[in-house]
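Read through the structure below, which is laid out as structure tokens, and then see the notes.
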Amino acid sequence: MTDMRRFIEHMPKAELHVHVEGTLEPELKFDLARRNAVELPYESVEEMRAAYDFDDLPSFLKAYYEGMSVLVTEQDFYDLTTAYLARAHSQTVLYAEIFFDPQAHASRGVAYDTVIRGIRRAQEEAEERLGIRTQLIMCFLRDMSADSAMATLERSLPYRDWIVGVGLDSDEKGNPPVKFRDVFARARAEGYRLTMHCDVDQENSVRHIWQTVRDIGVDRIDHGVNALEDEALCREIVERGLALTVCPVSNRCITGSLKALEVRRMLEIGMRATVNSDDPAYFQGYILENLVATQEEADLSRDQVVRLAANAFEASWLQADEKRAFSDRLAGYAASGAGP
Ligand code: ADE
Ligand code: ZN
């Protein structure tokens with residue numbers, strides 16, 4: 001193992017872009033399929049992994065939604081979340097903001113309460129047992145209607161204290177941010193923080209990023225790499241201090257490129273880039289593998305790697321005192337002389 005890899009492994013980290021349903025490893029998928037008597041179209045874990053051969057967002061989303069068929073009971077959501085948190089903890093993730101997709105479960109007859117209660121129990125237990133701190137972000141599916149998103153927002157209100165913010169994911173083609181203007185305005189009024197996916201190399205990527213900034217007024221942007229194509233947009237993002245949650249291994253699976261040089265460019269022009277895993281079970285890379293691949297490909301310095309981690313703690317939706325405590329832990333690690 002290189003000194004840099006060891007340094008990254010033990011560096012205190014925050015993950016701001018991970019879909020809990022995207023952490024469903026093939027082994028657990030098989031276990032849950034057996035438990036719930038769900039038939040899978042694969043004979044083995046190896047066959048399932050081999051089928052994870054995506055070339056665009058829709059081909060990934062097809063596998064992602066198919067995989068959810070095994071998630072039925074509260075215990076399933078608990079087991080899923082517990083497995084992710086153990087893995088994240090093993091890579092020195094101290095804090096994670098975790099997406100979940102309630103509409104993808106409701107459409108299969110799995111109740112909102114079942115999903116959120118299972119996830120929440122795992123969060124509480126992991127915080128107590130492992131010390132890993134987490135918050136939840138509820139995503140709306142952009143290829144469903146704005147009315148469905150609004151109904152989901154209303155469904156979330158009894159759980160307002162368990163959810164820190166809302167996001168927007170699924171298939172971007174033909175589903176611009178402004179489709180959800182009223183939903184996000186209402187979410188803001190309810191006290192939620194706002195983020196949205198602007199997936200990489202999509203039709204109208206740059207226009208969609210402008211919309212998230214100017215029309216929606218997001219607090220953060222998920223992906224957003226194509227902002228680099230527009231100087232005025234970069235300036236606006238820097239001025240507003242908006243962080244971008246880049247997911248390099250996901251980018252490689254979906255676009256053929258890690259976009260690691262783009263991450264370096266963001267750092268160089270003062271954009272608050274962070275590195276995250278997105279759907280680690282499907283793309284086969286957790287946050288450590290994402291950071292290592294990015295560092296190697298873009299030849300990032302030790303300081304730049306620390307900056308990526310610092311950006312994540314600073315851009316998190318924690319209260320100021322907790323944010324400062326995590327940032328101080330990272331600064332202490334960086335000053336300790338560990339690593340290259
Ligand atoms: N759902 C899960 N991961 C996603 C991604 N990267 N983009 C859009 N929707 C998603
Ligand atoms: Zn995502």
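In each ligand, atom 1 is the first atom listed, and ligand 1 is the first ligand listed. Along the sequence shown, the residues carry numbers beginning at 1. Side-chain atoms are counted along with the backbone in the values below, which use heavy atoms only and exclude waters and symmetry mates.
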### Query
Among protein heavy atoms, which sits nearest to atom 9 (N) of ligand 1, and what does the distance come to when rounded to 0.1 Å?
Ser170 N, 2.8 Å
### Query
In terms of side-chain geometry, is the basic nitrogen of Arg324 or Asp321 positioned less than 4.0 Å from the acidic oxygen of its partner?
no
### Message
Between the side chains of Arg35 and Asp76, is the shortest nitrogen-to-carboxylate-oxygen separation below 4.0 Å, so that they form an ion pair?
### Response
yes
### Query
What is the nearest protein non-hydrogen atom to atom 6 (N) of ligand 1, stated with its residue, atom name and distance?
Asp278 OD2, 2.7 Å
### Query
What is the closest protein heavy atom to atom 4 (C) of ligand 1, and at what distance does it sit?
His19 NE2, 3.6 Å
### Query
How about Cys247: does one of its N, O or S atoms come closer than 2.8 Å to the Zn ion (ligand 2)?
no
### Per-residue contact class, Phe99 against ligand 1 - non-hydrogen pairs under 4.0 Å
neither
### Query
Among Leu61, Asp171, Asp199, Asn251, which residue places a heavy atom closest to atom 8 (C) of ligand 1?
Asp199
### Message
Test of geometry: compute the angle NE2(His19)-the Zn ion (ligand 2)-NE2(His17) and round it to 10°.
### Response
110°
### Query
Considering all heavy atoms of both residues, which atom of Asn175 and which atom of Lys179 are nearest to each other, and what is their separation?
OD1-NZ, 2.8 Å
### Message
For Tyr192, does the six-membered ring have the charged nitrogen or CZ of Arg160 within the cation-pi criterion, i.e. under 6.0 angstrom from the centroid and within 45° of the normal?
### Response
yes
### Query
Counting from 1, what ligand 1 atoms have a heavy atom of Leu57 closer than 4.0 Å?
7 (N), 8 (C)
### Message
Before we go on, tell me: are the rings of His223 and His208 under 6.0 Å apart, centre to centre?
### Response
no
### Query
Does even one non-hydrogen atom of His223 get within less than 4.0 Å of ligand 1?
yes
### Message
Tell me whether ligand 1 is touched by Phe60 - counting only heavy atoms on the residue side and a distance under 4.0 Å.
### Response
yes
### Query
Taking only heavy atoms of Tyr64, which atoms of ligand 1 are found under 4.0 Å from at least one of them?
1 (N), 2 (C)
### Message
Checking ring-ring contact (aromatic ring centres under 6.0 Å, His included) between His105 and each of Phe77, Phe100, Tyr112, which is the one that passes?
### Response
Phe77
### Query
Do Phe99 and His197 have their ring centres less than 6.0 Å from each other?
yes
### Query
Considering only protein heavy atoms, which is closest to atom 3 (N) of ligand 1, and at what distance to one decimal place?
Asp279 OD2, 2.7 Å
### Residue pair Leu32 / Val38, side-chain heavy-atom distance below 4.5 Å
no
### Message
When you compare the side chains of Ser277 and Glu15, does any donor N or O come within less than 3.5 Å of an acceptor on the partner?
### Response
yes
### Query
Nearest to the Zn ion (ligand 2), which N, O or S atom of Asp278 do we find?
OD1
